[in-house]
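Please read the structure below before turning to the comments.
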Protein chains: 2
Amino acid sequence: MVNKTNSTEFTILSAAKNIFSIKGKDGATMQEIADQAGINKALLHYYFRTKDLLFEQVFFEEVKKFSPILKNAIAQEVDLYQKIHNICEAYILMALDNPFVPVFVVGEINKQPDLFIHKLFDGDFPDFPLLAAQIKKEVDAGKIKPIQPHQLIMNMMSMCIFPFLMKPMFVVGMGIDKEVFQNLMLQRIKEVPKFIIDSIKI
Amino acid sequence: MVNKTNSTEFTILSAAKNIFSIKGKDGATMQEIADQAGINKALLHYYFRTKDLLFEQVFFEEVKKFSPILKNAIAQEVDLYQKIHNICEAYILMALDNPFVPVFVVGEINKQPDLFIHKLFDGDFPDFPLLAAQIKKEVDAGKIKPIQPHQLIMNMMSMCIFPFLMKPMFVVGMGIDKEVFQNLMLQRIKEVPKFIIDSIKI
DNA sequence: GTCTATAACTCGATAGAC
DNA sequence: GTCTATCGAGTTATAGAC
């Protein structure tokens, strides 16, 4: 059994994740990544051939941890309130664990939408129509207030992910420090579902 | 009176806005911008000296239209519900008018937070503490449900801006076409404040 | 596997003619 | 103001020794 944690390959991936996250794919240089990994440029190419391939590996490795968890939370057969809890928890925990992923995704999704989305989900999208249908059913049955399913889904995703995209804005602009930010995000696992349910319950 | 609309300078700014928006500052090349503007590379430098200066001009010109409107909506002396309406409207109308600005901001704010935020607001931040205090006052007076002001502010900003960041995701992933998306966003000018107020009212 | 050295290339920027 | 041509810096990528 090999200790992957200390392997050169892992060290590179870890350094690349850092640099790419901060500077983006184009802003990062192989030199920086090599420096941070404490090795040399040629070795990056030895392991990953090109910058593009290194980026893809880093990126999709991160993102793909994520997408089955979300797909699962959406596909589960539980009542709407419980599902909202599960989805919010999945999103926020993921983002807390990989705070760079959302920034990654926004950047790339706006460059090459079709290509990127297909790579992201491998043609196997989360079943948003199912969720929309479930919401519509509750509305029609008069169990929650009237709301367009798409609007509710957007609201939920927005509140879970956006704060991670704008973290620097909140930290610098609103003067809250990093630990406070972390705590606010942890609270949001409960607060966001509560906020949503308070809004839609009859 | 000069017709700025057809001037070379305007053509360049417009092309640059497009390219920078999609590819980001680093991903864009002067060649692409020149091609899109139907002129040649040297002319870009003639008008704007450097890529950095061109970027700054494009970016801050767009963003600065925005920040006084927001600052104003936050500073106004109106009751909380009205203020929530005004802020949401300001954000969403701005984003509808300049759909690239949010993508810009997220990209750049995560590269050089301090520098960028200072350039963005010129040291003159929107008065979020004021808004937070107003929320706290309503909570303490028992006029709205208990909620941490920061959480409420995050919720509001999130729901206004996030959909524009993830537009390709919604368009491709949720299968809604561009006109439908546009309409959903227009509806959100009323829907988001409604959603928020439904959640916090007693 | 890891290194040094360097080739090959991209891209921002400038010179200079018109 | 606008163009063509080219320079030079910085980067990705490779060759080849160890």
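Lettering of chains follows the sequences in order, A, B, ..., and the numbering in each one begins at 1.
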Select one nucleotide: of [options], the one nearest the side-chain heavy atoms of [X].
| X | options | result |
| --- | --- | --- |
| B:H45 | D:dA13, C:dA13, D:dG1 | C:dA13 |
| A:T50 | D:dA13, C:dC3, C:dA15 | D:dA13 |
| A:N40 | D:dG1, C:dT4, C:dT2 | C:dT4 |
| B:T29 | D:dC3, D:dT14, C:dC11 | C:dC11 |
| B:K51 | C:dG12, C:dG1, D:dG1 | C:dG12 |

What is the distance from [atom1] of [X] to [atom2] of [N], rounded to the nearest Å?
| X | N | atom1 | atom2 | answer |
| --- | --- | --- | --- | --- |
| B:F48 | C:dT14 | CZ | C1' | 18 Å |
| B:Q31 | C:dC11 | CD | P | 9 Å |
| B:D35 | D:dC3 | CG | C1' | 14 Å |
| A:E9 | C:dT2 | CD | C1' | 15 Å |
| B:M30 | C:dC11 | CE | C1' | 10 Å |
| A:K25 | D:dT12 | NZ | P | 12 Å |
| A:L54 | D:dA13 | CG | C1' | 13 Å |
| B:L53 | C:dG12 | CG | C1' | 13 Å |

Answer yes or no: does a side-chain N or O of B:T8 lie under 4.0 Å from OP1 or OP2 of D:dG1?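 Answer no for this pair, as no side-chain N or O of B:T8 is under 4.0 Å from OP1 or OP2.
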Check this one for me: any side-chain N or O of B:Y46 less than 4.0 Å away from OP1 or OP2 of C:dA13?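 For C:dA13, neither OP1 nor OP2 has a side-chain N or O of B:Y46 closer than 4.0 Å.
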Over all strands shown, is A:A34 touching base, sugar-phosphate only, or nothing at heavy-atom distances under 4.0 angstrom? nothing
Does atom [atom1] of [X] have more than 12 heavy-atom neighbours, drawn from other residues, nucleotides or ligands, at distances under 6.0 Å?
| X | atom1 | value |
| --- | --- | --- |
| A:K23 | NZ | no |
| B:K83 | NZ | yes |
| B:Q112 | CD | no |
| B:K65 | NZ | yes |

For this output row, return yes or no: ring centroids of B:F59 and B:F55 closer than 6.0 angstrom. yes
DNA chain D: B:K41 or B:G38, which has the more 5' nearest nucleotide? B:G38
